[in-house]
6 protein chains.
Amino acid sequence: MSESKDPRVPTGIKGLDEMLGGGFPKGHVVLVTGLPGTGKTCFGLQFLLAGSALGEKGVFLSLEEDAPQLMESGRRFGWPVDESVSAGRLKIIRLDPKETKQNLQRIQGSLGKELKELGAQRIVVDSVSLLNMLSDGEAERRTTLFGLAGACRGAGATTLLTAEADPTHPSISRDGLSEYVADGVVLLGYSQAEEGLRVGLSMRVLKMRRTAHARTVQPYRIGPGGIDVDAKAVDFGRGF
Amino acid sequence: MSESKDPRVPTGIKGLDEMLGGGFPKGHVVLVTGLPGTGKTCFGLQFLLAGSALGEKGVFLSLEEDAPQLMESGRRFGWPVDESVSAGRLKIIRLDPKETKQNLQRIQGSLGKELKELGAQRIVVDSVSLLNMLSDGEAERRTTLFGLAGACRGAGATTLLTAEADPTHPSISRDGLSEYVADGVVLLGYSQAEEGLRVGLSMRVLKMRRTAHARTVQPYRIGPGGIDVDAKAVDFGRGF
Amino acid sequence: MSESKDPRVPTGIKGLDEMLGGGFPKGHVVLVTGLPGTGKTCFGLQFLLAGSALGEKGVFLSLEEDAPQLMESGRRFGWPVDESVSAGRLKIIRLDPKETKQNLQRIQGSLGKELKELGAQRIVVDSVSLLNMLSDGEAERRTTLFGLAGACRGAGATTLLTAEADPTHPSISRDGLSEYVADGVVLLGYSQAEEGLRVGLSMRVLKMRRTAHARTVQPYRIGPGGIDVDAKAVDFGRGF
Amino acid sequence: MSESKDPRVPTGIKGLDEMLGGGFPKGHVVLVTGLPGTGKTCFGLQFLLAGSALGEKGVFLSLEEDAPQLMESGRRFGWPVDESVSAGRLKIIRLDPKETKQNLQRIQGSLGKELKELGAQRIVVDSVSLLNMLSDGEAERRTTLFGLAGACRGAGATTLLTAEADPTHPSISRDGLSEYVADGVVLLGYSQAEEGLRVGLSMRVLKMRRTAHARTVQPYRIGPGGIDVDAKAVDFGRGF
Amino acid sequence: MSESKDPRVPTGIKGLDEMLGGGFPKGHVVLVTGLPGTGKTCFGLQFLLAGSALGEKGVFLSLEEDAPQLMESGRRFGWPVDESVSAGRLKIIRLDPKETKQNLQRIQGSLGKELKELGAQRIVVDSVSLLNMLSDGEAERRTTLFGLAGACRGAGATTLLTAEADPTHPSISRDGLSEYVADGVVLLGYSQAEEGLRVGLSMRVLKMRRTAHARTVQPYRIGPGGIDVDAKAVDFGRGF
Amino acid sequence: MSESKDPRVPTGIKGLDEMLGGGFPKGHVVLVTGLPGTGKTCFGLQFLLAGSALGEKGVFLSLEEDAPQLMESGRRFGWPVDESVSAGRLKIIRLDPKETKQNLQRIQGSLGKELKELGAQRIVVDSVSLLNMLSDGEAERRTTLFGLAGACRGAGATTLLTAEADPTHPSISRDGLSEYVADGVVLLGYSQAEEGLRVGLSMRVLKMRRTAHARTVQPYRIGPGGIDVDAKAVDFGRGF
């Protein structure tokens, strides 16, 4: 299988790229699901900065944090967020949850065109859980989520959606809907919390269409340079 | 029991055919239930390509992915999807979830006739979970699902419906309704995820009307050629 | 206790008759509850064919399968379904779930009279879960179910209602209502599914009014001749 | 404490009387909660027949079974139900669940007067779960249940209410409401069902106002003469 | 810390006073939560009689039992309830659950004034679960509960509210609301019920504002003189 | 990383400061989640008094307790609450839950301006669970919570929100909404309660944006001087 037929988008997380055989398949919408504190926002920023380092354009659609907060988060990890913004390779679009109706209209209206005009190759939405929480009723929820995913796909970008995990079933998202628009699902999880013990983090590729992927559960940490997957024991095998 | 009295439709998955004593009974509506990443879409494509190889016509009713994505998925597994489409032995019908009302009307209206005119011998619906999620209210849900199953049966085809498993009870579908229209249920499941360990996949025939079937839980993998069931330890016995 | 005072209706399942001390008490409405694939429809057919062999008339009220499918299921088990139908000892009444309102009206209206005129000694309803699912709202559900049970009792028949088990509590029906109209409850269950192991089936008489019954859990299989209970270890004792 | 100050109503179940220090306190409303098949109706009949043997009048308010069925159940246990009825010491009042509205009106209207005129010293309601299921909405449910309990108390009788246990929490009733009108709660439970093993029954006095009672879990069986508690190991202690 | 700055109200249960460092802090609203049969009503009476023995006035607001029943319960434990009532140190106010609306109006209206005029130093409400069950809708529930707690606080009394525990999470009340009006929570619980074994009772102070308290789980019994906590192993430590 | 770029707000709890690398990041909104009795209100007061000792101004928005009660709580811990109030470094604003509508209007209206004019550097809201319970419907709940968080952020303060933990999933808040407005989450939890054993308390930093933090579970106690974390075994590592 030649590279040209199977273009990959490096995730910015070396160990995860190993688990995926090179990165996310280009054009995929990937859902990153995890409980609070598992590093979903960090994952999103790291993904965009990895693109920026390759000269790609990225857009961060933020429902949870303001742009200055996100920028500061990036600086803390030592990432060149300011340079990326100046160079037009990183754009943060704030969808303020207090302006619910305007945001929903924008998503179903002009957003697709905006993203296309920006020429975004990578898009992050952080988080679709909040998006769904802002929508009233199942129908509006579906319309908004499908509209958003459609806008991202339509822009030709590889998209990463973050979502809160369901506390009862941490392998699905809290809204139980986001999985339906995704080509792939990456789970961020905790080991059991016990007094006096460090609570570990682990990553698993639950699903990734049109590519083989590891089906192992890999430990990771959120270190000074971002998410760092321990790729020892990656059993890639030949499985899809 | 002579073959002519018990016509079988090979599933395209050798190990599963062993578990079923030759394949799905002809004309059955079979539900394939599994959590995300267990290969339900792959199963559906594999089922249709197996028919195409036998010269049968197949229709893929897709609610989740676009035709080009599905075609690409098939190519990745090395299946002759392009040839099958050209030869008229594979047709992908996209039911875009964004056009909810049109789809529901089509299903309850012209779809049965369309399927009959196409002469489809195999039909896949991927997935009925999304179909049910698009319907509003219990009554519409029932009407749509029963209408769809009726259209497939009316066309004389052997039908495979995929459905998301309920995370709490992975042996039933998430909507809890699809089982009622099915003659058979095949479960795709995970072994427990543990850090550093490969997460295994296993298949079980929960129910299959009018045929004996194995009641064992068989490991499988999604390899470069699709789903591959490890048929060792199939305890077919003589049970139904 | 003389036989004449305690007339029994053999179930067609020898081991179960042993567990019940001879069969269902005549005139009882018995609920058979189980998860998909436990053989509820098979149980119903077997019960009617056992009656037919004794010259009794039986009616199968089918909400899930069409008459030809049911007939075929019976033939597969080697039962003389065609002869029974020809001889007027087996009648299949199809209540098509797509014609919801007509069915509900019939059940609350003419059905009791129909059953009485047919002189049915055994009646099977497969399944009351679907019946309840078709009714809208608690009140309609109750009216329909109580009406149906009343029609069967009024016809003087011994009745078997099948119901889906609740996945969370497999010892009760999914609607949680059917138990209220039943004099007896028979549970069909699974042993825990584990990879590489055969999933066993087991039967338990949870409740049976006006008769002592075994309170043991007995393994069974669905073999080429239908349900076959392993009656070893039946601890009938003297308990009710 | 002299007997005259602590009048007791023997339950008809010797082992239970031991657990209670002589029987139910006179005038109590006692809830008997259990899953199907634990013998709740049997308990109720046994309680009334014990009273009849002492020359007391009893009323059985039946929502589940018809009078002939109940009479037959009693005869099977060898109890003199016909004599008791003839002698006016047992009266069965059928509250047909199909005549919902009439029943609810009767309960809130004339029932209290009826019970008083009958001079009932013991009353059984079988079951309040069905009563609650027939009521629509919380408010009607409460009014009906409180009205019923009030009518029984007002008649000066000692009352036994049967209720379905909640499958999830078998120590409470399914409606979660009946406990509020009861002075005492007796639980009928199952041991865990396992293949090849007899499923045991056990009884526990969860609560009984104004009397000390055993706080042990006692095995019982439903034998040819009714419920029979194994009173070995009753640890009455001195606890309330 | 001098006594005058930290006035305590002895609970009437010696072992609990040890767990609390002398009793409930004066003026607290304390929630006593437990499953049926754990002795909540007994606790309430015992608390008031302890006050009466010290010459304090107490009011028992009863939603579950009538005054004569409560008086009789007290006599059974050998408490001087009649003397206390005669001396004006115990007053039972019956809030009949059948007169729902009048009660709710009284609670939100005149009750605060009544309690103040009575000069109650101790108040028991048995139970707030029933109070909440009688209220329709969340808003009415909140208004009633907050109104009641306000009336008790406004009267300057130390108040004990009893509440049914949630069967799923026995450390919270069934309505999940009562905790919000309480300064302290005392849990009454069961050890696991097992056949042939005595079911034990244990008490835990979950929370008590403005005082250190033991964080141990202490066994107790309901003996002939009321609740009796085994204070061995009270690990008061110095914790709050 | 120089201090000026990463200003910290000491929490008043020495061990927690160690877990956080110096305190909460300045300007963060931190959620403190715990079951009743874990010391959430104590945490809030301790946080404000720590600020007061540094000459900072703090505001306590109290939905649960009155100002005198809170003041008394502080005195019990030996904290100079009276001096802090006199010196204008501690202000308690009572949001009485009985005046629901006024409070909600204030929060969405003037509160932001009030907080800014007060020059609050630290704000505590105790508790947002009650705030959410007072709001009717999802939309009002969101508007209120986002409005409150916005008002606190807008005032430039570092904010601590307390929330009841969900009894089923104690690592999330009961409303499941508060996490969305928080930059950090601190969990206060119990060890399993067992008879005769002390129930331990433990603290965990689940999430803290823009700073590395320990991922260990640390025991703590509520002692005479407030919350005291046992910092032994803090495994700060280098993780975020």
Side-chain angles (χ1 to χ4, degrees), chain C residues 1 5-6 25 27-28 31 33 108 137-139 141-143 145-147 149-150 153 166 168-173 176-177 179-185 187 189 191 200-219 230 232-240, chain D residues 34-42 45 63-66 68-78 96-101 127 129-137 164-170 174 190-201 220-228:
Chain C
M1 205 177 276
K5 281 187 173 163
D6 180 21
H28 263 38
L31 186 72
T33 303
Q108 290 164 42
E138 272 303 311
R141 228 161 249 141
R142 285 184 325 235
T143 311
L145 187 62
F146 283 85
R153 277 192 216 275
D166 180 323
T168 309
H169 306 289
S171 69
I172 60 162
S173 66
L177 186 64
E179 281 80 1
Y180 288 97
V181 301
D183 299 297
V185 179
L187 300 181
S191 58
L201 295 160
S202 62
M203 190 180 291
R204 178 183 166 198
V205 178
L206 185 67
K207 167 181 177 172
M208 196 60 64
R209 282 175 170 153
R210 288 178 285 288
T211 180
H213 61 84
R215 287 192 179 264
T216 46
V217 182
Q218 299 296 126
D230 178 356
K232 279 193 308 264
V234 165
D235 173 7
F236 190 79
R238 297 165 60 206
F240 269 65
Chain D
L35 292 167
T38 50
K40 295 183 295 295
T41 302
C42 169
L45 274 174
L63 284 106
E64 302 210 351
E65 291 190 273
D66 288 321
Q69 293 175 323
L70 283 170
M71 296 293 287
E72 184 58 22
S73 290
R75 282 179 212 118
R76 290 289 157 91
F77 286 113
D96 191 327
K98 273 181 303 206
E99 292 155 18
T100 309
K101 290 300 152 200
S127 69
S129 302
L130 198 50
L131 186 77
N132 279 318
M133 192 169 286
L134 297 177
S135 309
D136 287 309
E164 290 287 306
D166 181 323
T168 309
H169 306 290
R174 204 152 163 180
Y190 285 116
S191 58
Q192 197 61 37
E194 262 180 88
E195 190 175 298
L197 292 182
R198 185 174 171 84
V199 180
L201 296 160
Y220 72 94
R221 54 195 291 278
I222 308 176
I227 290 176
D228 182 17

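These numbers come from the heavy atoms of this one structure, side chains and all, not from hydrogens, waters or symmetry mates. A, B, ... follow the sequence lines: proteins, then strands. Residue 1 opens every chain.
- Taking the side chain as every heavy atom from C-beta outward, C:Lys207 and D:Leu35 never approach each other to under 4.5 Å.
- Remark: side-chain polar atoms of C:Arg142 are paired, donor with acceptor, to backbone N or O of D:Met133 under 3.5 angstrom.
- Taking chain D as the reference chain and counting heavy-atom pairs below 4.5 Å, the highest number among C:Gly189, C:Gly176, C:Gly27, C:Ser171 is found for C:Gly176.
- Rounding to the nearest 0.5 angstrom, the gap separating the OG atom in D:Ser129 from the OH atom in C:Tyr180 is 4.0 Å.
- Distance check, rounded to the nearest 0.5 Å: CG of C:Asp6 to CD of D:Glu72 gives 8.0 Å.
- Remark: C:Ser202 pairs with C:Val217, D:Glu195 by the side chain to side chain contact (heavy atoms under 4.5 Å, CB included) rule, at least two apart or across chains.
- For C:Thr168, the side chain to side chain contact (heavy atoms under 4.5 Å, CB included) partners two or more places apart in sequence, or in a different chain, are B:His169, C:Asp166.
- Contacts between D:Ser191 and chain C at a heavy-atom distance below 4.5 Å are absent for every atom of the residue.
- In this structure, C:Arg210 contributes its side chain and D:Arg76 its backbone to no donor-acceptor pair below 3.5 Å.
- Proximity to chain C is limited to the side chain of D:Glu65, based on heavy atoms less than 4.5 angstrom apart.
- Ion pairing between D:Arg174 and C:Glu179 fails under the 4.0 Å rule for side-chain N and carboxylate O.
- No part of C:Arg141 comes within reach of chain D, as not one of its non-hydrogen atoms sits under 4.5 angstrom from that chain.
- The contact between C:Leu206 and chain D is made by backbone and side chain atoms together, counting heavy-atom distances below 4.5 Å.
- Neither the backbone nor the side chain of D:Ile227 comes within contact range of chain C; no heavy atoms are under 4.5 Å apart.
- Of the inter-residue distances, the one linking D:Leu130 atom CG with C:Phe146 atom CZ reads 4.5 Å to the nearest 0.5 angstrom.
- Side chain of C:Arg215 to main chain of D:Leu201: no donor-acceptor pair is present (N/O by atom type, distance under 3.5 Å, no hydrogens or angles).
- Here D:Gln69 is the residue among D:Gln69, D:Glu64, D:Glu164 with the most heavy-atom pairs under 4.5 Å with chain C.
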